[in-house]
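Each remark here refers to the structure printed beneath this line.
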Amino acid sequence: PTARRHKFWETQPVGQFRDATDLSLPDGAIEPPTPLSEVRADPYPLPAAFEWYTCDLDDDALLADLYALLAHNYVEDDENLFRFNYSPAFLRWALRPPSFLRAWHIGVRAKESKKLVAFISGIPARIRAREDVVRMAEINFLCVHKKLRSKRLAPVLIREVTRRVHQENIWQAAYTAGVVLPTPITTCRYWHRSLNPKKLIDVGFSRLGPRMTMSRTVRLYKLPDAPLTPGFRRMELRDVAAVSRLLRAYLAKFVVAPDFDELDVEHWLLPQEDVVDSYLVESPETHEVTDFCSFYTLPSSVLNNANYATLKAAYSYYNVAIKTPLQQLMNDALIMAKQKNYDVFNALDVMENESFLKELKFGPGDGQLHYYLYNYRIRNGIKPSELGFVLL
Ligand SMILES: CCCCCCCCCCCCCC(=O)CSCCNC(=O)CCNC(=O)[C@H](O)C(C)(C)COP(=O)(O)OP(=O)(O)OC[C@H]1O[C@@H](n2cnc3c(N)ncnc32)[C@H](O)[C@@H]1OP(=O)(O)O
Ligand SMILES: CN(C)Cc1n[nH]c2ccc(-c3ccc(F)cc3OCCn3ccnc3)cc12
């Protein structure tokens with residue numbers, strides 16, 4: 001059968017489907033760096049009606065414009081029942097980590113109306129692939145307004161962020177997508193744990209099981225009012241060093257994982273209301289920090305329901321279980337999410353998540369999340385359980 005054409009992606013230094021079985025190709029960078037003097041100096045051309053617009057997310061008005069573009073035009077589920085509704089505070093958190101570059105917050109505006117019609121972002125990250133720690137860009141929030149779809153704008157946005165990243169002497173990137181592109185390093189499934197089953201059924205996220213009543217379903221997903229692990233508490237600034245040690249040691253077990261330092265841990269894991277929550281277990285006897293769990297807050301707009309506008313979802317983030325069984329630790333995370341009025345708790349089958357999903361009554365989601373590296377080959381790819389990496 002004629003293989004699907006990827007007119008843009010076939011031109012890019014990524015694993016090509018036709019090379020999938022060619023084991024002679026070495027792991028690592030696919031193309032060497034370009035001399036910085038030879039990196040294109042000027043932005044790629046846009047259609048005449050549009051202009052590049054670097055979004056300074058310090059500016060509340062610009063942050064609001066980005067929020068609105070995404071709230072109306074970003075990722076929907078396959079049945080178009082829900083759309084991610086990243087909050088302004090979340091976007092600031094996601095896009096302004098240590099050493100972020102404003103130049104990598106790339107908008108496209110209509111010249112006339114000055115309306116934001118498209119966006120793509122990069123943030124700097126140190127990613128380890130096997131023993132190789134690589135400076136990369138994490139690419140996210142690629143969005144083209146619904147009215148401007150299928151005009152080949154996305155490749156222009158991708159080339160432009162690539163150009164700006166190259167200008168910083170960075171030649172690799174990491175990204176995820178719900179769509180299959182050349183070529184995933186792994187493909188994850190996502191799972192959902194009901195916290196508010198009545199609402200989930202009302203909005204069409206879940207269906208009442210066969211031979212199940214609503215009251216039986218509510219009982220099935222009931223959770224205690226407080227965490228069960230002695231010494232379980234919120235993470236605080238004073239815990240950054242201990243959590244960094246714990247997390248770095250844990251992530252070393254995976255084939256691909258971020259190389260977090262203490263500044264990264266402070267940014268990505270210190271709790272922020274309705275953005276990111278993190279908890280740890282401090283041994284009541286020794287006061288040692290022995291375990292850690294975290295989840296981030298990403299609501300979805302409910303696109304057509306009489307009773308509800310929003311689904312409040314928690315997404316499993318980084319979890320380290322050393323002394324406490326992972327299942328018990330994650331059960332306490334569920335308990336905290338229920339306490340904070342989340343409707344559902346989501347998790348990918350990455351890291352060691354497989355070990356608790358069924359036992360904690362997660363159900364399989366209906367799609368997949370593919371992980372990608374740009375200009376970096378990992379022959380044969382990896383298993384989700386070898387991935388120590390969560391992108392927002
Ligand atoms: C060294 C640094 C390197 C940095 C760069 C690294 C790479 C970063 C890559 C970006 C990572 C982003 C990660 C991320 O943000 C997380 S994935 C979420 C992406 N955003 C959404 O799904 C929001 C709703 N959809 C849209 O806004 C549009 O449909 C988008 C903009 C998605 C495509 O706009 P469109 O109007 O529907 O389509 P055309 O303009 O006509 O373009 C069609 C071409 O775009 C390819 N396409 C479609 N979806 C893609 C996707 N999600 N990644 C990459 N490529 C994607 C497609 O295969 C085709 O190319 P092909 O003909 O070769 O197949
Ligand atoms: C990761 N980050 C890049 C956003 C992103 N892009 N594309 C995606 C495709 C799936 C998931 C995903 C990841 C974990 C999960 F538990 C559920 C998910 O999507 C459910 C379907 N859905 C889409 C919108 N509302 C509901 C995220 C993403």
Side-chain angles (χ1 to χ4, degrees), residues 4-14 16 29-31 33-34 39 69-70 72-86 94 104 106 108 117-122 124 134-182 188-193 205 296 298-303 311 313-316 344-350 353 362 364-376 389-392:
R4 277 200 53 209
R5 307 285 305 150
H6 288 284
K7 299 299 285 171
F8 166 70
W9 281 109
E10 285 166 1
T11 70
Q12 296 298 295
V14 292
Q16 299 295 335
I30 293 169
E31 277 180 359
T34 312
V39 174
L69 174 74
L70 298 174
H72 296 103
N73 302 281
Y74 201 50
V75 184
E76 298 173 9
D77 65 306
D78 293 347
E79 294 167 63
N80 307 102
L81 294 174
F82 311 101
R83 186 186 306 125
F84 287 137
N85 185 12
Y86 289 88
W104 293 7
I106 306 170
V108 174
V117 296
F119 184 79
I120 191 167
S121 71
V134 183
R135 288 181 69 221
M136 296 196 187
E138 284 178 14
I139 307 302
N140 209 340
F141 304 108
L142 167 63
C143 185
V144 168
H145 194 285
K146 283 171 180 270
K147 293 203 175 89
L148 295 174
R149 296 281 170 84
S150 307
K151 297 173 182 301
R152 308 302 292 179
L153 259 177
V156 182
L157 284 152
I158 296 166
R159 286 195 177 97
E160 182 59 15
V161 74
T162 302
R163 185 185 71 84
R164 298 191 191 189
V165 171
H166 284 167
Q167 287 181 320
E168 303 299 326
N169 195 26
I170 293 174
W171 306 96
Q172 274 73 36
Y175 52 105
T176 59
V179 293
V180 178
L181 305 163
C188 306
R189 305 200 60 87
Y190 38 81
W191 294 68
H192 313 289
R193 208 285 185 184
F205 184 92
Y296 61 85
L298 170 51
S300 277
S301 304
V302 181
L303 295 182
L311 211 51
Y315 287 73
S316 178
V344 63
F345 190 103
N346 294 329
L348 293 163
D349 58 0
V350 298
N353 291 354
F362 284 73
D366 60 6
Q368 299 173 314
L369 187 68
H370 308 278
Y371 276 72
Y372 301 94
L373 293 178
Y374 183 97
N375 193 19
Y376 201 93
F389 189 23
V390 176
L391 280 183
L392 304 170

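Order of appearance sets the numbers: ligands from 1, and atoms from 1 within every ligand.
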message: Once you measure the plane-to-plane angle for Phe362 and Phe345, does it fall in the parallel (<30°), tilted (30-60°) or perpendicular (>60°) bin?
response: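 Ring orientation of Phe362 relative to Phe345: perpendicular.
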task: Report the relative orientation of the aromatic rings in Phe141 and Tyr86; use parallel for angles under 30°, tilted for 30 to 60°, perpendicular for over 60°.
output: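 If you compare the ring of Phe141 with that of Tyr86, the planes turn out perpendicular.
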message: Check contact between Val75 and ligand 1, using heavy atoms of the residue and a distance below 4.0 angstrom.
response: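 So Val75 counts as touching ligand 1.
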Protein residue, atom and distance nearest to [atom], heavy-atom basis:
{"atom": "atom 27 (O) of ligand 1", "value": "Val144 N, 2.9 Å"}
{"atom": "atom 6 (C) of ligand 1", "value": "Tyr374 CD1, 3.6 Å"}
{"atom": "atom 8 (C) of ligand 1", "value": "Ile139 CG2, 3.8 Å"}
{"atom": "atom 23 (C) of ligand 2", "value": "Phe84 CZ, 3.5 Å"}
{"atom": "atom 3 (C) of ligand 2", "value": "Thr176 OG1, 3.1 Å"}
{"atom": "atom 53 (N) of ligand 1", "value": "Leu181 CD1, 3.6 Å"}
{"atom": "atom 19 (C) of ligand 1", "value": "Leu142 O, 3.5 Å"}
{"atom": "atom 43 (C) of ligand 1", "value": "Arg152 NH1, 3.4 Å"}
{"atom": "atom 33 (C) of ligand 1", "value": "Ala154 CB, 3.8 Å"}
{"atom": "atom 5 (C) of ligand 1", "value": "Thr162 OG1, 3.4 Å"}
{"atom": "atom 6 (N) of ligand 2", "value": "Val75 CG2, 3.7 Å"}
{"atom": "atom 8 (C) of ligand 2", "value": "Leu369 CD1, 3.7 Å"}

Which of the atoms of ligand 1 are close to [X], meaning less than 4.0 Å from one of its heavy atoms?
{"X": "Trp171", "result": "1 (C)"}
{"X": "His166", "result": "1 (C)"}
{"X": "Leu153", "result": "40 (O)"}
{"X": "Cys143", "result": "27 (O)"}
{"X": "Lys151", "result": "41 (O)"}
{"X": "Thr176", "result": "13 (C), 14 (C), 16 (C), 17 (S)"}
{"X": "Ser150", "result": "35 (P), 36 (O), 41 (O)"}
{"X": "Lys7", "result": "61 (P), 62 (O), 63 (O)"}

task: Check step by step if side chain to side chain contact (heavy atoms under 4.5 Å, CB included) holds for Asn353 and Trp191.
output: CA-CA 10 Å; Asn353 291 354; Trp191 294 68; over 6 Å; no
Proximal candidate to [atom] [heavy atom criterion; set [options]]:
{"atom": "atom 7 (C) of ligand 1", "options": "Trp104, Tyr372, Trp9, Tyr74", "answer": "Trp9"}
{"atom": "atom 21 (C) of ligand 2", "options": "Tyr86, Tyr190, Trp191", "answer": "Tyr190"}
{"atom": "atom 14 (C) of ligand 2", "options": "Phe345, Phe82, Tyr315", "answer": "Tyr315"}

Out of curiosity, [X] [atom1] to [Y] [atom2], how far, rounded to the nearest 0.5 Å?
{"X": "Phe205", "Y": "Asp77", "atom1": "CZ", "atom2": "CG", "value": "8.5 Å"}
{"X": "Asn375", "Y": "Ile30", "atom1": "CG", "atom2": "CD1", "value": "5.5 Å"}
{"X": "Asn73", "Y": "His145", "atom1": "CG", "atom2": "NE2", "value": "4.5 Å"}
{"X": "Ile170", "Y": "Gln167", "atom1": "CD1", "atom2": "CD", "value": "11.5 Å"}

- request: Count the heavy atoms of every other residue, nucleotide or ligand shown that sit under 6.0 Å from NZ of Lys146, and state whether that count exceeds 12.
  value: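 Check passes, neighbour count above 12.
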- request: Look at atom CZ of Arg135 and say whether more than 12 heavy atoms of other residues, nucleotides or ligands are closer to it than 6.0 Å.
  value: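 No, not enclosed.
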field: Verdict with reasoning, Val180 to His370, per side chain to side chain contact (heavy atoms under 4.5 Å, CB included)
entry: CA-CA 7 Å; Val180 178; His370 308 278; 3.5 Å; yes
Is [Y] close to [X] at the side-chain level, that is, under 4.5 Å between some pair of heavy atoms?
{"X": "Glu138", "Y": "Leu391", "result": "yes"}
{"X": "Leu392", "Y": "Leu298", "result": "no"}
{"X": "Thr11", "Y": "Arg159", "result": "yes"}

I'd like to check [atom] in this structure: does the protein have a heavy atom lying under 4.0 Å from it?
{"atom": "atom 30 (C) of ligand 1", "answer": "no"}
{"atom": "atom 48 (C) of ligand 1", "answer": "no"}
{"atom": "atom 57 (C) of ligand 1", "answer": "no"}

Identify, by atom number and element, the atoms of ligand 2 in contact range of [X], meaning under 4.0 Å from any of its heavy atoms.
{"X": "Asn140", "result": "3 (C)"}
{"X": "Asn346", "result": "16 (F)"}
{"X": "Ser300", "result": "25 (N)"}
{"X": "Leu392", "result": "1 (C), 2 (N), 3 (C), 4 (C)"}
{"X": "Leu391", "result": "1 (C)"}

Close aromatic pair by centroid cut-off 6.0 Å: Tyr374 and Tyr175: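 So the answer is no for these two rings.
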Non-neighbouring partners of Lys147 that pass salt bridge (charged side-chain N to carboxylate O under 4.0 Å, His left out), sequence neighbours left out: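 Not a single residue meets the salt bridge (charged side-chain N to carboxylate O under 4.0 Å, His left out) criterion with Lys147.
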N or O pair under 3.5 Å between [X] and ligand 1:
{"X": "Leu148", "value": "no"}
{"X": "Pro155", "value": "no"}
{"X": "His6", "value": "yes"}

query: What part of Glu76 sits under 4.0 Å from ligand 2 if we count only heavy atoms: the side chain, the backbone, both or neither?
result: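 Only the backbone of Glu76 comes within reach of ligand 2.
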- request: Please state which part of Asp77 comes within less than 4.0 Å of ligand 2, counting heavy atoms only: side chain, backbone, both or neither.
  value: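 Near ligand 2, Asp77 shows its backbone as well as its side chain.
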message: Please work out, at 4.0 Å between heavy atoms, whether the side chain, the backbone, both, or neither of Tyr175 comes within that distance of ligand 1.
response: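 It is the side chain that gets close, since no backbone atom is under 4.0 Å.
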- request: Would you mind checking if Glu160 and Arg164 are paired as a salt bridge, meaning a charged N to carboxylate O distance below 4.0 Å?
  value: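 The answer is yes: the pair qualifies as a salt bridge.
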